[in-house]
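Working notes for the structure below.
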Amino acid sequence: MVKLVVLKLDGNLETNGLQVSLEIASEGKRPEIEIAAQLPPAPDLIDCLNRGQENYRNVGAPYRIKPKKITYDGSVNKRIQECQQAAKELGNQLSAWLDSDQFRPIDKRLREELNRDETIRLLIRTEDNYLQKLPWHLWDFFDRYPLAEVALSTKKLEVPQKINSVLRKEKVRILAILGHSDGLDIEKDRSLLSNLPNTEVVFLVEPKRQEINDQLWEQSWDIIFFAGHSETEGETGIIYINPTESLTINELWYALRKAVEGGLQLALFNSCDGLGLARQLDDLHIPQMIVMRELVPDRVAQEFLKYFLTSFVSGKSFYLAVRSARERLQGMESQFPCATWLPAICQNPAEIPRNWQDLLPSKNVDSSSLENIQNIRLKIKNLPIVLLASVVVTAAVVGVRSLGFLQAWELQAFDRLMRSRPDESADSRILIVEVNENDIRRYNHPLPDTILAKLLDKIQQHQPVVIGLNIYRDLPVQPGYQAIRRNLQGNKSLITVCHFIVNKEGMNPPPTSPEKQRSFNNLQPDLFDDSIRRYLLSRTPNTISTYDRCNTPYSFSFQLAYKYLEAKKIPIKTTEEKDWQFNDIVLKRLSTHSGGYQNLDARGNQILINYRATAQIAQKVTVTDILTDRFDSAWIKDKIVIIGVTAESIGQLENTPIGKINVLFIHAQMVSQILSAVENNRPLIWWLPQWGDAIWIWIWSFTGGAIAWYLQRSPLRLWLTISIAIAVLYGICFSVLIQGGWLAIFPAILAIFASALFVTFSRHYRQ
């Protein structure tokens, strides 16, 4: 893609300064950016320009200008040194002027919007003679952007009428005018033109005015070339066509207009002091011209023509061919100072430059189609980079992930998705009897055995399937110990709790509770943020530990769910992988590498908690409500009743993916999860195997690389598309999570960015 940058300069360089407007557009399209700024007056720059011109002309090289009597003082080496010093001073003055505070917004915006790998045409549109003579190529902008070249342009904009613009000729037609050549060797120019491929060149050697006029009227030309003596007198450009005749542009105005209408694309004046010629040619709207802005030595003119034609015919764009040829002249500057300053493009702002291929015969293939084909070929050529990037990035991300370095970010991303799910209803199979602050004030803490016995008796009268008592009773709490003792021994639907701690004494189960009705109520927080995302269903007790009195193998929630499903004749078994299975529902246990968990301590039978997205997991009542009969018996009959402390002064809050909640409600969530999976087919959390995660990450790694590969020339579109890809990724992961699937979202995002950067930097490095 080619970018067109236009700087319009209005004002007075010497006194008032300049108003500058900037436009940036893609080639052939309307401007995408338009901003304005200023440049300060620079009288010192004008003085420096004039001194530089004087020193340059005093060098005394064999210029392509009409021979005149010129007196030179001092040696040639001294004059060359003075010219080089004046050029250096002019360059410094120009750089300082373009670095002024008033112009900095434009300079900054240019560097923000353009890429180094973009082809850039920069037009200086001005009518000021001083501005046209400035060596704009010394602006450090062109050092930063190697595919940019500057051109001079008028402020007028008009597309010329072309009567045969759609007709194609068999060859590129060139009219070469070899004018007065006293003291010059223009045979080399003639030889270069004669050897061009697919061309028809007509040479007019020291012609009469009428010969030139007739050729312009009677034939159509793609290129007009002039070599010989020329100069600018005042504002008028003059070419010397033979030893006795000279011509101004005005004297060929009608003939040249006819040539433009006939399809003329390029005028190349390989002669001295051509800015005056260019200014006179503005009204003719020639698409593009090359002129020499100052006196040009004969050898420099020959070498420039050779370098330019070689690059242009080989396929380089017009602007880059000029830049390449101009910069190659630097090797001659020890003998011909400022040689690289001389060639200048003069561009009709309404025209898009034609390349050599555009001038050749074609079969209905326009330049835009050719450019698209070239872009497609380039992208196909670079496709292996995308594959390499996706594989390398995937391997790196999977490797880093397997070491656990991404685990914290993955779990936080998982939490965000969990909190975004749609609301669900409460579970009607569960009743929570909570001990709140009012109950504690009324009955004390811990609840006396007599109150607890009355509570259990009251609940049991209404025939629950199972009662879960999440209150420790390893010691008597008088009064009423005998009453609670009888209840614990005789109530076959009661599940009690204990708490184990490895290598320390935990909380013992009630001594009178039957062993098969005991359970542990331990939770499994993740170490980095103490959040409860997984639940230990069962374990193998440590039978030789002197500390572990809580030697039951089953968790509180698992015991409650098991008793409820057993009453409904739903069978339970273990699979070959040691997972619990109710009917055909398998509670898949976590392993060392499961989803976002890497290097997990997966001892025991742990599963992920698929929290129900609801503000209240089940119907709640208080101890006082039960003891004073303020409840509906239907809330208890054939249900699971869970009793525990929720008072903020006593109860414990834990971090979870859905926020801080009381431990009692976490146990209720787990009971609800098992029942809902078995009876309602509510999904359990599943994840891909390690190889499945690797493929998933590779898909998104390839996506990021492919986007960077396809949109490599447009950073704005590139990062906008990357953002869209991440939004799509988030949407997919969210939709899958609603169905129970935990996909690797953070590693995939990382892979997208890493592959995009890999492809982008790889391309820049290769260039």
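Quick caveat, the model's predicted, so the values are computed rather than measured.
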When you check the side-chain N and O atoms of [X] and [Y], is any donor under 3.5 Å from an acceptor?
X: Asp579; Y: Asn605; answer: no
X: Asn436; Y: Arg441; answer: no
X: Thr624; Y: Asp439; answer: yes
X: Ser513; Y: Thr496; answer: yes
X: Asn662; Y: Gln652; answer: no

Output side-chain donor-acceptor pairs under 3.5 Å for residues 729-746, partner residues at least two apart or in another chain, one line each.
unit_1 : atom_1 : unit_2 : atom_2 : d
Ser735 : OG     : Gly731 : O      : 2.9

Would you find a donor on one side and an acceptor on the other, under 3.5 Å apart, between the side chain of [X] and the backbone of [Y]?
X: Glu437; Y: Glu648; result: yes
X: Asn115; Y: Asp117; result: no
X: Ser390; Y: Leu387; result: yes
X: Glu434; Y: Gly644; result: no
X: Ser594; Y: Ser591; result: yes
X: Ser493; Y: Val466; result: no
X: Gln581; Y: Thr575; result: no
X: Gln673; Y: Leu608; result: yes

- Item | Candidate pair Gln463 and Asp638, rule side-chain hydrogen bond (donor to acceptor under 3.5 Å, both in side chains), full reasoning | CA-CA 6 Å; Gln463 301 177 344; Asp638 299 329; over 6 Å; no
Could you report the tightest heavy-atom contact between [X] and [Y], atom names first, then the distance?
X: Ser755; Y: Gly704; result: CB-C, 4.2 Å
X: Ile430; Y: Ala668; result: CD1-O, 3.7 Å
X: Leu675; Y: Ile640; result: CD1-CD1, 3.6 Å
X: Lys458; Y: Asp629; result: CE-OD1, 2.6 Å
X: Thr614; Y: Ala426; result: OG1-N, 4.2 Å

| request: Can you sort out the partners of Asp625 under salt bridge (charged side-chain N to carboxylate O under 4.0 Å, His left out), two or more places apart, ordered by chain and number? | output: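 Once residues adjacent in sequence are excluded, the partners of Asp625 under the salt bridge (charged side-chain N to carboxylate O under 4.0 Å, His left out) criterion are Arg630.
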Hey, are the side chains of Val433 and Thr622 touching, using non-hydrogen atoms and a 4.5 Å cut-off?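 Result no, sub-4.5 Å side-chain heavy-atom pair not found.
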Taking the side chain as every heavy atom from C-beta outward, state whether Met418 and Tyr611 have any atom pair closer than 4.5 Å.
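Heavy-atom side-chain distance check passes, below 4.5 Å.
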Residue pairs passing the ring-ring contact (aromatic ring centres under 6.0 Å, His included) test where at least one lies in [range], sequence neighbours excluded:
range: residues 437-492; value: His462-Phe631
range: residues 659-680; value: Tyr535-His667, Phe556-His667
range: residues 561-589; value: Phe558-Trp580

* Could you walk me through whether Thr656 and Gln669 pass the side-chain contact (heavy atoms from CB on, under 4.5 Å) check? -> CA-CA 11 Å; Thr656 73; Gln669 284 273 3; over 6 Å; no
Residue pairs fulfilling salt bridge (Lys or Arg N to Asp or Glu O under 4.0 Å) with at least one residue in [range], sequence neighbours excluded:
range: residues 468-479; answer: Asp449-Arg473
range: residues 515-536; answer: Asp415-Arg533, Asp526-Arg533, Asp526-Arg534, Asp529-Arg533
range: residues 598-613; answer: Asp427-Arg612, Asp601-Arg603
range: residues 680-692; answer: Glu424-Arg682

Working to the nearest 0.5 Å, report the span between [atom1] of [X] and [atom2] of [Y].
X: Asn681; Y: Ile585; atom1: CG; atom2: CD1; value: 5.5 Å
X: Gln412; Y: Leu417; atom1: CD; atom2: CG; value: 12.5 Å
X: Ile697; Y: Ile752; atom1: CD1; atom2: CD1; value: 11.0 Å
X: Leu664; Y: Ile643; atom1: CG; atom2: CD1; value: 9.5 Å
X: Ile642; Y: Ile617; atom1: CD1; atom2: CD1; value: 9.0 Å

Item to check | By side-chain hydrogen bond (donor to acceptor under 3.5 Å, both in side chains) - contacts of Ser633 (at least two apart) | outcome: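 Partners of Ser633 by the side-chain hydrogen bond (donor to acceptor under 3.5 Å, both in side chains) criterion come out as none, since no residue qualifies.
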query: Which pairs count as side-chain hydrogen bond (donor to acceptor under 3.5 Å, both in side chains) when at least one residue sits in residues 402-411, sequence neighbours excluded?
result: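 Applying side-chain hydrogen bond (donor to acceptor under 3.5 Å, both in side chains) to every pair that reaches into residues 402-411, excluding sequence neighbours, yields Arg401-Glu410.
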- Query: Would Arg429 and Ser672 count as a side-chain hydrogen bond (donor to acceptor under 3.5 Å, both in side chains) if you check the C-alpha gap in whole Å, the side-chain angles of each, and the deciding distance to 0.1 Å?
  - Reply: CA-CA 8 Å; Arg429 291 164 295 204; Ser672 175; 4.8 Å; no
message: Quick test of your reading of the model: are Lys588 and Glu577 salt-bridged, counting only N-O distances below 4.0 Å?
response: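 Glu577 and Lys588: not salt-bridged.
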- Do any pairs count as a disulfide bond (SG atoms under 2.5 Å apart) and have a residue in residues 390-499, sequence neighbours left out, and if so which ones?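 Of all non-adjacent pairs touching residues 390-499, those that pass disulfide bond (SG atoms under 2.5 Å apart) are Cys498-Cys550.
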Is it the case that Arg717 places NZ or CZ above or below the six-membered ring of Tyr710, under 6.0 angstrom from the centre and within 45 degrees of the axis?
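Judged by the rule (NZ or CZ under 6.0 Å from the ring centre, within 45° of its axis), Arg717 is not positioned above Tyr710.
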